[in-house]
Protein chains: 2
Amino acid sequence: MTGAAARRAAKPTTPRQRSTRQLEAIYRTLCESRDHPTAEQLYHAVRACVPAVSRGTVYRNLAKLVGAGRVRIVHVHDRCARYDARTGPHDHFLCLGCTMLLDVESTDGRRERTRTRIRGHRVEGHVLTYLGTCRPCAAARP
Amino acid sequence: MTGAAARRAAKPTTPRQRSTRQLEAIYRTLCESRDHPTAEQLYHAVRACVPAVSRGTVYRNLAKLVGAGRVRIVHVHDRCARYDARTGPHDHFLCLGCTMLLDVESTDGRRERTRTRIRGHRVEGHVLTYLGTCRPCAAARP
DNA sequence: ATATATGCAAAAGTTTTGCATCGCT
DNA sequence: AGCGATGCAAAACTTTTGCATATAT
């Protein structure tokens with residue numbers, strides 16, 4: 001088989017994803033942020049680098065990044081989704097006062113061996129979020 | 001102190017909550033449902049008993065019930081909140097294929113003694129949701 | 001009697017989408 | 001060149017809110 005034939009045969013049905021300025025700016029901005037921004041916050045932050053970016057593009061690219069496993073969504077007791085570029089296994093702490101969201105290491109080694117089956121349904125993962133009051137909020141309202 | 005004076009002094013700042021046909025219908029409907037309905041689903045279900053009920057009333061009463069601890073919200077990888085009238089401690093299983101949501105007993109006794117402090121922030125509770133594929137969805141897409 | 005709850009409809013906020021154009025590959 | 005991505009704006013959805021009226025206590 002020639003090199004050209006191999007190349008042709010190798011990627012026949014590959015739905016290729018393009019790398020664009022916008023996609024990389026969104027991903028980079030998310031990587032650099034510590035506070036699990038919402039799509040709206042990310043939209044504003046990205047405008048610093050790519051002033052003409054649109055909300056639609058931010059949402060579309062976030063969906064792509066999530067689909068590719070490069071980004072994960074954190075759903076909290078809030079109206080909007082928040083994003084996290086740390087894809088390794090970890091949990092979260094959410095302050096119910098100010099919605100601050102913190103990454104938390106899974107301290108319990110047991111957490112690793114999560115159940116693989118629940119009443120016959122296949123378990124593929126889990127999300128664990130601690131809820132509470134952060135120090136500043138506790139100080140403000142004792 | 002007279003009886004009347006005592007009564008007046010006894011509940012000076014009590015913000016009393018009234019029991020209405022709508023509130024009870026919403027709560028009863030939620031108690032009877034096994035599938036963690038959304039506000040919209042509840043709205044339609046309640047209309048069977050109280051045909052003139054409005055969405056606003058459903059949302060307002062759900063908020064009251066949550067505030068009173070009679071109902072809890074489950075936030076999943078979905079756009080809308082889902083409600084649960086089982087307030088005892090338990091976890092959930094969410095099917096990523098069809099969004100079916102299942103109550104799951106907390107099997108691990110250790111889960112009870114949840115951490116009380118994370119990096120100085122007070123922890124008051126936690127939510128744990130298993131993610132996976134339910135049997136029907138797994139059968140449909142192997 | 002009066003404060004609270006309701007119904008209606010409009011508003012607010014988040015996310016999705018249609019379409020013409022742009023820009024990777 | 002061709003297909004995927006973008007920007008814009010409108011639409012779709014979920015949830016909240018203002019106000020006049022109804023209702024529980």
Side-chain angles (χ1 to χ4, degrees), chain A residues 4 7-8 10-30 36-47 49-68 70-71 73-83 99, chain B residues 4 7-8 10-27 29-30 36-47 49-68 70-71 73-83 99 101:
Chain A
R7 225 175 298 118
R8 235 176 327 183
K11 32 168 75 180
T13 52
T14 309
R16 47 230 171 275
Q17 173 136 313
R18 291 179 185 174
S19 166
T20 62
R21 238 172 49 260
Q22 290 88 337
L23 179 73
E24 293 314 321
I26 290 164
Y27 182 61
R28 188 158 20 85
T29 304
L30 186 54
H36 304 81
T38 65
E40 183 71 13
Q41 293 170 330
L42 222 29
Y43 163 68
H44 286 293
V46 168
R47 280 172 95 79
C49 317
V50 189
V53 78
S54 70
R55 279 188 181 78
T57 294
V58 171
Y59 279 102
R60 275 183 292 232
N61 279 321
L62 282 172
K64 275 177 207 162
L65 289 166
V66 170
R70 298 172 69 189
V71 162
I73 301 186
V74 187
H75 288 267
V76 296
H77 290 210
D78 213 13
R79 208 166 29 233
C80 48
R82 296 174 65 170
Y83 295 87
T99 75
Chain B
R7 226 175 296 118
R8 236 177 330 195
K11 33 167 72 179
T13 52
T14 309
R16 45 225 172 279
Q17 174 136 314
R18 291 179 186 174
S19 165
T20 62
R21 242 175 41 262
Q22 291 88 338
L23 179 73
E24 293 314 321
I26 290 164
Y27 181 61
T29 305
L30 186 53
H36 304 82
T38 66
E40 183 71 14
Q41 292 170 329
L42 221 30
Y43 163 68
H44 285 293
V46 168
R47 278 172 96 79
C49 318
V50 190
V53 78
S54 70
R55 281 188 180 77
T57 294
V58 171
Y59 279 102
R60 274 183 292 232
N61 279 320
L62 282 173
K64 274 177 209 162
L65 289 166
V66 169
R70 298 173 68 189
V71 162
I73 301 186
V74 187
H75 288 267
V76 296
H77 290 207
D78 213 12
R79 209 169 27 236
C80 49
R82 296 173 66 169
Y83 295 87
T99 75
L101 190 58

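Quick note on labels: first sequence line is chain A, next is B, and so on, each numbered from 1.
The separation between B:Glu24 atom CD and C:dT4 atom P is 18 Å, rounded to whole Å. Atom NE2 of B:His75 and atom P of D:dT15 are 9 Å apart (whole Å). Straight-line distance from the CZ atom of A:Arg21 to the C1' atom of D:dG7: 12 Å, rounded to whole Å. Rounded to whole angstrom, the span from the OH atom of B:Tyr43 across to the C1' atom of D:dT14 amounts to 14 Å. The interatomic distance linking A:Gln17 (CD) with C:dT25 (P) rounds to 11 Å, in whole Å. When rounded to the nearest whole Å, the span between CG of B:Leu42 and P of D:dT14 equals 14 Å. Between the CG atom of B:Leu23 and the P atom of D:dA24 there is a distance of 12 Å, rounded to whole Å. If you take CZ of B:Arg16 and P of C:dA5, they are 10 Å apart, rounded to a whole angstrom.
Distances shorter than 4.0 Å separate some side-chain N or O of B:Lys64 from OP1 or OP2 on C:dA5.
For A:Thr57 (side chain) and A:Val53 (main-chain N/O), no donor-acceptor pair under 3.5 Å exists by modelled atom type. Panel note: side chain B:His36, backbone B:Tyr83; no donor-acceptor pair is recorded below 3.5 Å. B:Arg82 places no side-chain N or O within donor-acceptor distance of the main-chain N or O of B:Val76, the cut-off being under 3.5 Å.
Residues A:Arg55 and A:Tyr59 have side chains that never bring a donor and an acceptor to within less than 3.5 angstrom of each other.
Of the listed nucleotides (C:dT15, D:dT6, C:dT6), C:dT6 has the atom at the smallest distance from the side chain of B:Gln22. You'll find that the side chain of B:Val53 is closest to C:dG7, out of C:dG7, C:dT25, C:dA3. The B:Ala52 side chain lies nearest to C:dG7 when the options are D:dA24, D:dT6, C:dG7. With D:dG7, C:dT16, C:dA5 as the choices, the nucleotide that has an atom nearest any side-chain atom of A:Val50 turns out to be D:dG7. Closest to the side chain of B:Tyr59, out of D:dA24, C:dA3, D:dT15, is D:dT15.
For A:Arg55 against D:dC8, no side-chain N or O and base N or O form a donor-acceptor pair under 3.5 Å. At a cut-off of 3.5 angstrom, counting only N and O atoms as typed in the model, there is a donor on one side and an acceptor on the other between the side-chain of B:Arg18 and the base of C:dA3. In the interface, the side chain of A:Arg60 is not paired with the base of D:dG4 through any donor and acceptor atom under 3.5 Å apart.
Using a 4.0 Å heavy-atom cutoff across all strands shown, A:Thr38 reaches no nucleic acid atom at all.
Summary of the strand contacts: A:Thr20 and B:Thr57 both lie near DNA chain D, and taking for each the nucleotide with the nearest heavy atom, the more 5' one is attributed to A:Thr20. Mapping A:Arg79 and A:Ala63 onto DNA chain C by nearest heavy atom places A:Arg79 closer to the 5' end of the strand.
With respect to the salt-bridge test (charged N to carboxylate O, under 4.0 angstrom), the residues B:Arg70 and B:Glu24 qualify.
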